[in-house]
Each structure stands twice: as structure tokens, then as C-alpha cells.
Amino acid sequence: MAEVKQLANEATGPLKGIRILDLTSVVFGAYATQMLGDQGAEVIKLEDPGSGRGNGGDIMRWPGHTPKDWPRDLGPIFLTINRNKRSVSFNLADPKSRRSLEALIKSCDVFATSIRYEGLKRLGLSYEEVKALRPDVVYVHAAGYGSDGPYAGEPAYDDLIQSASGLADVLPRTDGNPTPRILPSLIADKVSGLFMCQAITAGLLSRERTGQGQFIEVPMLECVTSFNLVEHLYDHAFDPPTGQWGYQRVVNPHRKPFPTKDGYIGLLPYTDKQWDIFFDVAGWGDTFGKDPRFQGLERGKNIHELYALVETVTVTKTTDEWLDLLKPLSIPVTRTNRLDDLPEDPHLKAVGFFEKYDHPQAGTYVAMKPPVKFTGTPSNIRRHPPRLGEHTEEVLAEVSQEA
């Protein structure tokens with residue numbers, strides 16, 4: 001892995017000059033605001049010192065196995081989604097802090113929150129109340145469920161949203177085991193975070209054009225169900241339905257990395273031409289290559305059988321032999337990485353995906369560089385993930401001067 005990098009001196013991303021007041025926590029909202037911070041926005045993370053686990057603040061500060069003598073409020077997941085932020089900590093319900101909070105709100109273009117809306121109203125932080133302080137505010141609420149439905153206001157976590165959105169039904173439709181299963185990734189949180197990030201930038205663009213802010217709701221269930229059904233609505237896109245739920249090529253037990261003599265490859269001949277070439281390479285040109293089941297549109301109807309056949313031939317060569325054979329033929333193929341392999345992946349190494357930084361209050365940690373490449377306004381990393389309340393006095397002094 002590369003040597004320790006230095007932080008950038010200033011923002012260069014497309015959102016430079018935008019200030020976001022971030023009242024989010026865990027993964028959904030924090031992931032969204034970090035992406036915006038990478039893209040140049042100034043993100044002020046407001047944390048309650050008395051809530052959550054450990055010593056308060058965002059509960060993602062505390063899970064994980066930190067190194068010896070490492071600050072406990074800088075856990076591994078917190079590190080990955082809270083850089084480029086400053087942490088301000090005070091009790092939102094404390095009347096003495098209200099003046100500071102109002103000064104912060106007035107100074108920010110975006111008010112981003114994942115606190116349940118009834119709780120926001122109790123805190124005097126409804127959209128109407130925040131708008132009274134900052135009339136053109138882009139107010140973005142990360143909710144579990146849309147406010148127009150019967151689940152509105154209920155608690156929502158990744159496990160619950162995967163269960164409610166149909167994601168837990170994808171594996172049963174793939175392998176025949178009827179037990180619903182949650183995918184081993186915080187996919188609902190992260191997908192919703194992507195929706196939230198896009199919603200904030202769209203809200204800012206609208207404000208730039210109209211001069212008007214607005215209330216934006218980003219409901220997890222609707223976002224993740226929409227994401228899930230891009231392909232899995234399938235034949236139910238018609239009224240009445242013409243067939244099944246679930247895209248046949250994807251809900252396929254044989255859609256997986258294919259075994260080789262010494263590992264696994266990701267392999268996907270996709271076009272008719274690519275399949276013809278692959279059949280020839282596999283020695284099947286005169287057999288399966290002429291089988292009407294595997295030609296044109298019929299191939300999709302028999303994709304389970306076809307993928308099962310592919311597995312019988314990939315085991316005859318090593319991974320490198322397949323890569324050397326198929327890449328020059330423009331057959332989509334890649335080495336299958338284990339998590340342990342990622343730091344040494346040639347492509348990720350070449351683009352400098354993993355970076356090391358030296359946190360002045362903690363030690364060396366690994367960050368992933370912002371993945372989207374802006375040629376004119378590049379994203380960058382300017383701030384380490386903050387300690388709880390690290391910037392309280394600094395930020396409040398700034399907004400006091402601005403007022």
C-alpha cells in the first residue's frame with residue numbers, strides 16, 4: 001500500500017462554498033454527507049454528547065476493534081464515512097445551546113438530518129422552524145418510511161428495510177431455500193445514502209435556479225424498493241403481469257464466480273457474438289454452440305442450464321490461463337478477489353484506491369479515495385474523521401463572527 005499521504009490544503013470539488021449542517025448518524029446519512037464533503041462541501045456534524053453508546057455522539061463511533069491506545073470514539077466504520085467533517089457537540093434540547101444552534105442553521109445552505117420527524121418537531125427543528133431562520137434552506141430528511149404512508153415515523157434500520165423492501169426474498173427465488181435472508185451488507189443504508197446525496201445536490205441546483213429552498217424527504221423503504229425492483233419487477237411491469245417476479249438471468253443459482261483450477265473468475269459472455277466465441281473456446285462450437293436453447297432470445301429462457309454448463313469447463317484451466325485466453329477476445333472476464341486480495345489488486349493499486357493517512361490524535365489509518373473523478377473540480381480529502389466535539393469552539397466562534 002502507498003506511503004502516508006498529506007491532507008489537501010483546501011477544497012477543490014464542485015460543491016466548494018456549500019455549507020451543510022449534518023444531524024445524521026450511523027450509515028445512511030453519514031455516508032451521504034461524506035460524499036458531499038469529498039466533493040468540496042463544508043460539513044458540520046452536530047452530535048449530541050449524551051445520546052447513543054459509549055460517550056455519546058454518533059453510535060458508529062464505538063463499534064469495532066480499535067488498536068491499543070487508539071481513541072475509542074474513532075471506530076473503523078466511523079472512519080470510513082466521516083472524513084471531511086467537523087464535529088460540533090452540544091445538547092440539542094438545552095435551551096442555553098439554542099442560540100448557537102440557530103446561528104449554525106443561519107450559516108448553512110443545507111440542513112440534513114436523520115432524526116425522526118416527530119423528534120425534530122419536539123426540538124423545534126421542523127422544516128417550517130428551520131426555514132424561518134434560513135428561508136432558502138435545502139432541508140433534507142432521511143426517513144425510514146415516507147410521511148404519507150401508515151409506517152411513517154416508525155424506526156427503520158438496514159435489517160428492517162431489507163425485510164420490507166423484498167430484498168430478503170431475492171435469495172429464496174435464486175436457490176430454492178424458502179427462508180427469507182438478509183444480504184450480508186448494509187445495502188439499504190448505503191443505497192439510501194446515495195439517493196440522499198443525489199437529492200441534496202438536486203435541491204441545491206433547484207435553489208440556484210429559483211432562489212428557493214425546499215423540504216426533501218428521502219424514505220429508505222421507497223428508495224430501496226425502487227432500487228430492488230429495477231430488474232426484479234420484471235414481468236410484473238405489465239398489467240396484468242405476463243409472468244414472474246425476478247429477472248431470470250439474475251435469480252439464478254449458477255450466477256456466481258466460476259471455479260478454475262486454482263481460484264475463481266467472474267465471467268459473462270453477454271452478446272450473441274461473445275457467446276459464439278466462448279462456445280468455440282470451450283470446444284463446444286459444434287455442440288452447445290448450435291443448440292437452439294442457447295441462441296438469441298432463447299438463451300435467456302435457458303440461462304440456468306447454460307451457466308451450469310459454463311462451470312463444467314472453467315475448472316479445466318487456471319485463472320491466469322482464462323484471463324490470458326479470453327481478454328484478447330473481448331470476452332468480459334475478471335479475477336475474483338477475496339477481501340484480502342483487494343489491497344493488491346493491480347487496478348486498484350494503479351489508481352491509488354487505498355490511501356494511508358496519519359491522524360494526529362490516533363495514528364495511521366486506511367482510507368478509500370473518492371471514487372468519482374471530476375477532471376475540472378476534483379474531490380479531495382482535507383480533514384481527518386473528527387473526534388467527538390473536536391471543533392465545537394472553532395465552529396461556534398466562526399458563526400458568531402458571521403452573525
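Quick note: residue numbers are just sequence positions, from 1. Values below: all heavy atoms of this structure, side chains included; hydrogens, waters and symmetry mates excluded.
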Handout entry: Crowding at OH, Tyr307 (>12 non-hydrogen neighbours, <6.0 Å)
Key = yes
Practice task
Check whether the side chains of Glu217 and Ser147 place a donor and an acceptor atom closer than 3.5 Å, and report yes or no.
Solution key: yes
Problem - Arg335 with Asp341: basic N within carboxylate O range, under 4.0 Å - result: no
Practice task
Kindly check if the number of other-residue, nucleotide or ligand heavy atoms within 6.0 Å of CG (Asp262) is above 12?
Solution key: yes
Exercise for the section: Consider only side-chain N and O atoms of Ser87 and Glu47, and report whether a donor and an acceptor are under 3.5 Å apart. Expected result: yes
Exercise for the section: May I ask you to say whether Lys349 pairs ionically with Glu344, meaning some side-chain N is under 4.0 Å from a carboxylate O? Expected result: yes
Exercise for the section: Identify whether the distance between the nearest side-chain nitrogen and carboxylate oxygen of Lys131 and Asp136 falls below 4.0 Å. Expected result: no
Problem - Member of Phe215, Phe111, Tyr117 meeting the ring pair (Phe, Tyr, Trp, His ring centres under 6.0 Å) criterion with Tyr127 - result: Phe215
Practice task
Using a strict 4.0 Å threshold on nitrogen-to-oxygen distance, state whether Glu42 and Lys16 make a salt bridge.
Solution key: no
Problem - Residues Glu311 and Lys256 bridged, charged N to O under 4.0 Å - result: yes
Practice task
Report yes if some heavy atom in the side chain of Val251 is under 4.5 Å from a heavy atom in the side chain of His232; otherwise report no.
Solution key: yes
Problem - Residues Arg293, Glu298: salt bridge by 4.0 Å N-O rule - result: no
Handout entry: Any donor-acceptor N or O pair under 3.5 Å, side chains Lys85, Thr33
Key = yes
Handout entry: Electrostatic pair Glu102:Arg98 at N-O distance under 4.0 angstrom
Key = yes
Completion exercise
Contacts of Glu231 meeting salt bridge (Lys or Arg N to Asp or Glu O under 4.0 Å) (sequence neighbours excluded), chain-then-number -> none
Handout entry: Glu390 bridged to Lys45 by N-O distance under 4.0 Å
Key = no
